[in-house]
Student: 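Have a look at this one.
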Number of protein chains: 2
Amino acid sequence: MADHSLPQKIADQLRRDILRGKFAPGAPLKERDNATELGVSRTPMREAIRILAREGLVILRPSRSPLIADPSLKQVTDLIEVLRALEMLSGRLACINATDEEIAAIRALHERMTELYDKIDSLDMFEIDMNFHLSIARASHNPALAETHAAYLARLWRARYLSASQKRSRDRVLRQHGTIVAGLEARNPEMAVGEIENHLEHLVINITDLFAARDAERAAEVTSEGGHRATTPTPTPTPKNPNRKRDDK
Amino acid sequence: MADHSLPQKIADQLRRDILRGKFAPGAPLKERDNATELGVSRTPMREAIRILAREGLVILRPSRSPLIADPSLKQVTDLIEVLRALEMLSGRLACINATDEEIAAIRALHERMTELYDKIDSLDMFEIDMNFHLSIARASHNPALAETHAAYLARLWRARYLSASQKRSRDRVLRQHGTIVAGLEARNPEMAVGEIENHLEHLVINITDLFAARDAERAAEVTSEGGHRATTPTPTPTPKNPNRKRDDK
DNA sequence: TCAATAGATTTGGTATACCAAAATTCAAGA
DNA sequence: TCTTGAATTTTGGTATACCAAATCTATTGA
């Protein structure tokens, strides 16, 4: 958060906009328009877009506008599979390398989350959840691991956010977080790692349900729209058409 | 390899130069000079440097020349620790998802490596070794995993190359590769994953030895150089840094 | 009425010019 | 001789101009 470079700040701004939904998944991200909109030149905007591309939030196409990423279920579950390996490693290393202070800070996050769960909006809550997992990765004392883990979390932001918004999993999430913290405190890798694995297993289940629900919703839309003219069978893959054309000759 | 974008080609060129030793570790990489040297503008050179920075081959400093990375032993072993988790996951998934053709191709690589080991130079040999491990990751059918794994392999290029040049580990490496292939063919995750873990454990040992040897060499140099004027106690970590201290209030 | 094509336009890629921060140099003074 | 500070140089950051590929529009011809 403390990087004061201009491309980083632009990337932070864009990331928020993307994740908050200002740009729809699948929409093109025109570097010239966004640059003028934010009042910066194209050069730092280009770098910002590359940063987001590295994080997987946008995908680059040769000689074409970058697109806001709209990953398929398989892509998301593939990402989670790697994330699981990274988090399990983080947990194991954190049991060995974390300082008592770091573990205490992780517990503090967990307790704040428990206390505020029903009191704040899901975006703020999710911020805490994010920090919880990032702190464990950092506590592994393996910077490369922490960095890669953070990149995967960023890439899975939207999916995890949607999953976390399902309040029905509230109790399970808090319980699992509690077990993870207890495992760290006991310096018990089996306990911590096992529960981390469990935690992410449920994330896969949740996400799969969400995709299924979304697909069902779309199918219903299509059929109810009438047989001859399906308005948008696909989720508006390219909603760009505000082509202004001149009236002169 | 088949990316025809200019920044990618520049990055490929620079990567080879760095890994072949044209640029020493710790040396600055001036974007203007290198751009004119290669006959391109600074803009694609900038992007190329960012690509290498992402791979960890160069490190960026705010408002300062990027440096050729010169990782410490801990940094390298940290990277290997993550690589191990990634390769173990790759092996496990490959046992499940790989096609018979993919496994056959991996075996072909292994047999070519066995056949040519004493006949070609270590750089070409290392190319095959690289492909062997990349192919396993790709055979996981998890693109995100393959990509992250490839990034870690690139980051560890130099260390792995130096380790692979130690011909004394020849037999062990070939034997381990053989066991890994056999595990894949048998679709036996325990066999494949276990040997992958073993393989990387030996890499850590090898690298640790190499660092120890290098440090010992340096220490010997310093003492034999005589007491008053050590010409280059360190192997010129930064050819240009007569650190000038300005007045500070 | 529709299809094909040519011209206009959008858009990313590249080159270059300018700026500001950092570093090196060098001269002046103690 | 050493310190110090100011000027110059070096170097990365940013803005802008130009180009080429891709796309879209609109006209024309069947």
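Letters go in sequence order (proteins before strands), and every chain restarts at 1.
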Student: Would you say C:dT11 has OP1 or OP2 under 4.0 Å from some side-chain N or O of A:Ser65?
Tutor: no
Student: Considering residues at least two apart in sequence or located in another chain, which fulfil the side-chain contact (heavy atoms from CB on, under 4.5 Å) criterion with B:Ser41?
Tutor: B:Thr43, B:Pro44
Student: From NZ of A:Lys30 over to C1' of D:dT23, roughly how many Å is that when rounded to an integer?
Tutor: 11 Å
Student: Measure from CD on A:Glu31 to P on C:dT14 and round the result to the nearest Å.
Tutor: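 Rounded to the whole Å, the gap is 11 Å.
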Student: Specify the residues of residues 49-61 of chain B, ordered by number, for which at least one heavy atom lies under 4.0 angstrom from an atom of DNA chain C.
Tutor: none
Student: Restricting both atoms to N or O, compile the protein contacts to nucleotides 15-18 of chain D shorter than 3.5 Å, with distance only.
Tutor:
unit_1, atom_1, unit_2, atom_2, d
D:dA15, OP2, A:Ser41, N, 2.8
D:dA15, N7, A:Thr43, OG1, 2.8
D:dT16, O4, A:Thr43, OG1, 3.4

Student: Sequence neighbours left out, what passes ring-ring contact (aromatic ring centres under 6.0 Å, His included) with B:His149? Give chain and number order.
Tutor: none
Student: Using whole Å, what does the distance between atom P of nucleotide D:dG13 and atom CE of A:Met45 come to?
Tutor: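 Value for this atom pair: 17 Å.
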Student: To the nearest angstrom, how far is A:Glu47 atom CD from C:dG13 atom C1'?
Tutor: 14 Å
Student: Report the residues that fulfil side-chain contact (heavy atoms from CB on, under 4.5 Å) with A:Ala139, sequence neighbours left out, ordered by chain and then residue number.
Tutor: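 Testing A:Ala139 for side-chain contact (heavy atoms from CB on, under 4.5 Å), a comparison that skips the adjacent residues, returns A:Ala94, A:Ala98, A:Glu102, A:Ile106.
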Student: Going by the rule salt bridge (charged side-chain N to carboxylate O under 4.0 Å, His left out), which residues pair with B:Glu37 if we only count those two or more places apart in sequence or in a different chain?
Tutor: B:Lys22
Student: Just by modelled atom types, is the B:Asn142 backbone N or O under 3.5 Å from a matching donor or acceptor in the A:Asp78 side chain?
Tutor: no
Student: Less than 3.5 Å apart, which donor and acceptor atoms pair up between the side chains of residues 150-161 of chain A and the rest of the protein, not counting sequence neighbours?
Tutor:
unit_1, atom_1, unit_2, atom_2, d
A:Tyr152, OH, B:Ala144, O, 3.2
A:Tyr152, OH, B:Thr148, OG1, 2.4
A:Arg160, NH2, A:Asp129, OD1, 2.7

Student: Indicate every side-chain donor-acceptor pair of residues 206-213 of chain A with a distance under 3.5 Å to a residue at least two apart or in another chain.
Tutor:
unit_1, atom_1, unit_2, atom_2, d
A:Asn206, OD1, A:Arg168, NH2, 3.2
A:Asn206, ND2, A:Ser163, OG, 3.0
A:Thr208, OG1, A:Val204, O, 2.7

Student: Between the protein and nucleotides 20-22 of chain C, list the N/O to N/O atom pairs that are separated by less than 3.5 angstrom.
Tutor:
unit_1, atom_1, unit_2, atom_2, d
C:dA22, O3', B:Arg64, NE, 3.4

Student: Quick test of your reading of the model: are B:Arg16 and B:Asp12 salt-bridged, counting only N-O distances below 4.0 Å?
Tutor: no
Student: Starting at atom CZ of B:Arg46, determine the distance to atom C1' of C:dT14, rounded to an integer number of angstrom.
Tutor: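 Result: 14 Å.
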Student: With sequence neighbours excluded, what pairs up with B:Glu31 under the side-chain contact (heavy atoms from CB on, under 4.5 Å) test?
Tutor: B:Arg42, B:Met45, B:Arg46, B:Ile49
Student: Just jot down the side-chain contact (heavy atoms from CB on, under 4.5 Å) partners of B:Arg64, sequence neighbours excluded, or say none.
Tutor: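 Checked B:Arg64 against side-chain contact (heavy atoms from CB on, under 4.5 Å); matches are B:Arg61.
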Student: To the nearest Å, give me how far apart CG (B:Asp33) and P (D:dT10) are.
Tutor: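 Result: 10 Å.
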Student: Which residues pass the salt bridge (charged side-chain N to carboxylate O under 4.0 Å, His left out) test with A:Glu81, not counting sequence neighbours?
Tutor: A:Arg84
